[in-house]
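The block underneath contains the structure these notes are about, expressed in C-alpha cells.
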Amino acid sequence: MIGWALTFLVVALVAAVLGFGGIAGTAVEIAKLIFFVAIVLFAISAIVGLLRGRTPGV
C-alpha cells in the first residue's frame with residue numbers, strides 16, 4: 001500500500017509540474033488517504049501481534 005501511495009504522489013508531482021492542478025490535487029488526496037490507511041492497518045497488525053504473544057520470525 002505504501003507503494004501505491006508513492007505512485008500517486010509521483011503522479012501528483014508530474015501533474016503539478018505539467019500544470020494540471022486539479023489532477024495533482026486529487027492524486028495528492030488519494031496518496032494521503034492510502035498512506036493513512038496503510039499506517040492504521042500496520043498499527044492494528046502490530047497490536048494484534050503483541051496481544052497474541054508471537055515473536056516475528058526472522
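Ile47 pairs in a side-chain contact (heavy atoms from CB on, under 4.5 Å) with only one of the listed residues (Leu50, Leu51, Ile44), which is Leu51. If you run side-chain contact (heavy atoms from CB on, under 4.5 Å) between Phe35 and each of Ile39, Leu33, Val37, only Ile39 comes through.
Taken to the nearest 0.5 Å, the CD1 atom of Ile30 stands 12.0 Å off from the CG atom of Leu9. To the nearest 0.5 Å, atoms CZ (Phe8) and OG1 (Thr26) are separated by 10.5 Å.
When the side chains of ILVMFWY residues are joined at heavy-atom separations under 4.5 Å, either directly or via intervening members, Val10 and Ile23 end up in a single hydrophobic cluster. Transitive grouping of hydrophobic side chains (ILVMFWY, heavy atoms separated by less than 4.5 Å) brings Ile2 and Phe36 into a common cluster. Taken together through direct or relayed side-chain contacts under 4.5 Å among Ile, Leu, Val, Met, Phe, Trp and Tyr, Trp4 and Leu41 form part of one hydrophobic cluster.
Closest of all the heavy-atom pairs between Val28 and Ala12 is CG2-CB, 3.4 Å. Contact record, Ala27 with Val11: CB-CG1, 4.3 Å, taken as the closest heavy-atom pair.
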